[in-house]
Asker: 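Starting off with a structure, shown below.
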Protein chains: 2
Amino acid sequence: MPDSEYREIRKLDLFAHMADDNFTSLMRGAYVQNFPAQIELITEGEPSDFLHIVVSGSVDLFSTWNGRETSMATVRPISTFILAATIKDAPYLMSARTLEKSRIALIPSQDVRAIFGADSNFARAIVTELAQCYRSIIKAQKDLKLRTSLERLANYLLRQQRHAGGGAAFELDFEKRRLASVLGMTPENLSRAFKGLQPYGVSVTGTRISIDNQADLERFAKPNPLIDDFST
Amino acid sequence: MPDSEYREIRKLDLFAHMADDNFTSLMRGAYVQNFPAQIELITEGEPSDFLHIVVSGSVDLFSTWNGRETSMATVRPISTFILAATIKDAPYLMSARTLEKSRIALIPSQDVRAIFGADSNFARAIVTELAQCYRSIIKAQKDLKLRTSLERLANYLLRQQRHAGGGAAFELDFEKRRLASVLGMTPENLSRAFKGLQPYGVSVTGTRISIDNQADLERFAKPNPLIDDFST
DNA sequence: CAAATCAATTGATATATGTCAACCGGTCGG
DNA sequence: CCGACCGGTTGACATATATCAATTGATTTG
């Protein structure tokens, strides 16, 4: 693993405060690999042998049932995924596939569990990370149960806008078909939902979104920090 | 706090393996209180001052947005709730109300955070508990995104049947209006959904459910451990 | 006991969302 | 350059789900 990557990973909240020895020991068992786009990295139901870290590229977490499929989340650099399965030594609940050419670090789960017991700073970081993940999905659940698809899209756009710096125009950061799946709707419906937001000053050209009337859109979307603010 | 309760709480996974001193110290700052039914214990958005433990009775976790409300989960004895908010020292994402006369233990959040740093067994237990909570809600999210309301009801009945011992007849453990909210539908729709399951051998009398054709119902519901098995 | 509630149900209807088929407009490879 | 392909869009339609109003049945309360 190049030194620059090593240092990047070290800087992650999860690893930043652990003892040098322990981090080195974790990394010794780890390996890094490049994957092309659309490769299924893990499959739900399999045992969780590795904690994964997206070093570059991006990864889609999705689930299937009875022939249907839904996107649960997108993981971008640099962050980990399937921490909970690793900790519990339980089967993955979601599958993961690369969205683009990606570089992934793999740390054997048993090493993570071992060092967890030996390094209290690492343990604390894991707890914080897990609590964060838990709260994120509670928010997603509220979004899904309390809002219509049009409201979900409106709030998604406002979040994305903020994430992109707050300007009136910004880019969607992924394919519309995946956005539809993340928002819990069909691609056709997403198309109509974009039209449904035109009266509130939203215009779309390809992946470029422009919010022409911020106040109107916010009045409609009614964003709420307890659903839409990912930092808390 | 009566000695019997003290010992019950001590037996919780979260506290079972921590040092005596630390447990005693946690309990010293705690207090226990009886609440009547329908009392709002916490309100979403408020700071998380206490970790709550349901000693007896039951508690509904719910959320609201824009005049709508949805049930997220039901907490039954003996278990804790809002662990994640306590750990992160962040605002509650859900409100909680008693469903019936209930006895609740309250442990100051700052004590939990302090002892977390001092007791690695406690830290480990918290991680396990959080990972469990996380995985539970991932399953709920999959249930909601991948299944129709009829399928959710069918699988709920199968889970409840198993929970009740596996016999063909069993009782719903809460009001139908709350069940509807938990399953993400309206009470009217739940009523119709029960009728919709009659062809698969489900009969309902009040809160009593009878599954007359187990194989038929399972063929329709297609239960999946990665969604319906709460133990993993 | 009778009146008043309230959860549950039912029917009629409206709205939201999904499905299917067709089409459009790029991109890519021969 | 052309044609195949693919993501996105559109329209017509089907289905799922919510809403509203009315009724039932059980429970509570004066």
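We name chains A, B, ... by the order of the sequence lines, and we start the count at 1 in each one. This structure is a prediction, so every number in the text was calculated from the model and none was measured.
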Asker: How many whole angstroms separate atom CG of L144(B) from atom C1' of dA16(D)?
Answerer: 14 Å
Asker: If you only use heavy atoms from C-beta on, which nucleotide in dT17(D), dA7(C), dG8(D) is closest to the side chain of E175(A)?
Answerer: dG8(D)
Asker: Taking atom P of dC6(C) as reference, at what distance in whole Å does atom CD of Q38(B) sit?
Answerer: 12 Å
Asker: What integer distance in Å separates R68(B):CZ from dA16(C):P?
Answerer: 10 Å
Asker: Check whether more than 12 heavy atoms from other residues, nucleotides or ligands sit under 6.0 Å from atom CZ of R162(B), and answer yes or no.
Answerer: no
Asker: Rounded to the nearest Å, what distance is computed from the CG atom of residue L197(B) to the P atom of nucleotide dT9(C)?
Answerer: 13 Å
Asker: In whole Å, what is the span from the CG atom of L153(B) to the P atom of dA16(D)?
Answerer: 15 Å
Asker: Could you tell me which non-hydrogen atom of E8(A) sits nearest to which non-hydrogen atom of I78(A), and how far apart they are?
Answerer: CB-CD1, 3.4 Å
Asker: Are any of T148(B)'s side-chain N or O atoms less than 4.0 Å away from OP1 or OP2 of dA16(D)?
Answerer: no
Asker: Before giving the answer on salt bridge (Lys or Arg N to Asp or Glu O under 4.0 Å), spell out for E151(B) and K222(B) the whole-Å C-alpha distance, their side-chain angles and the decisive distance to 0.1 Å.
Answerer: CA-CA 8 Å; E151(B) 291 164 344; K222(B) 298 184 174 58; over 6 Å; no
Asker: Using a 4.0 Å cut-off on heavy atoms, which residues in residues 178-192 of chain B reach DNA chain D? List them by number, or say none.
Answerer: G184(B), M185(B), T186(B), E188(B), N189(B), R192(B)
Asker: In whole angstroms, how far is the C1' atom of dT15(D) from the CG atom of L150(B)?
Answerer: 13 Å
Asker: For the side chain of S149(A), counting heavy atoms from C-beta on, which of dG7(D), dA8(C), dT17(C) is nearest?
Answerer: dT17(C)
Asker: In this structure, how many angstroms lie between the C1' atom of dT10(D) and the CD atom of Q198(A), rounded?
Answerer: 13 Å
Asker: Output the rounded distance in Å from CZ (R177(B)) to C1' (dC6(C)).
Answerer: 8 Å
Asker: Give me the atom names and distance for the closest heavy-atom approach of K145(B) to V182(A).
Answerer: NZ-O, 2.9 Å
Asker: Taking atom types as modelled and ignoring hydrogens, do the side chains of D49(A) and S109(A) form a donor-acceptor contact shorter than 3.5 angstrom?
Answerer: no
Asker: With a cut-off of less than 4.0 Å, is there a side-chain N or O of K195(B) near OP1 or OP2 of dT9(C)?
Answerer: no
Asker: Does the ring center of F220(A) lie less than 6.0 Å from the ring center of Y200(A)?
Answerer: yes
Asker: If every non-hydrogen atom of L190(B) is compared with every non-hydrogen atom of A180(B), which pair is closest and at what distance?
Answerer: CD2-N, 3.8 Å
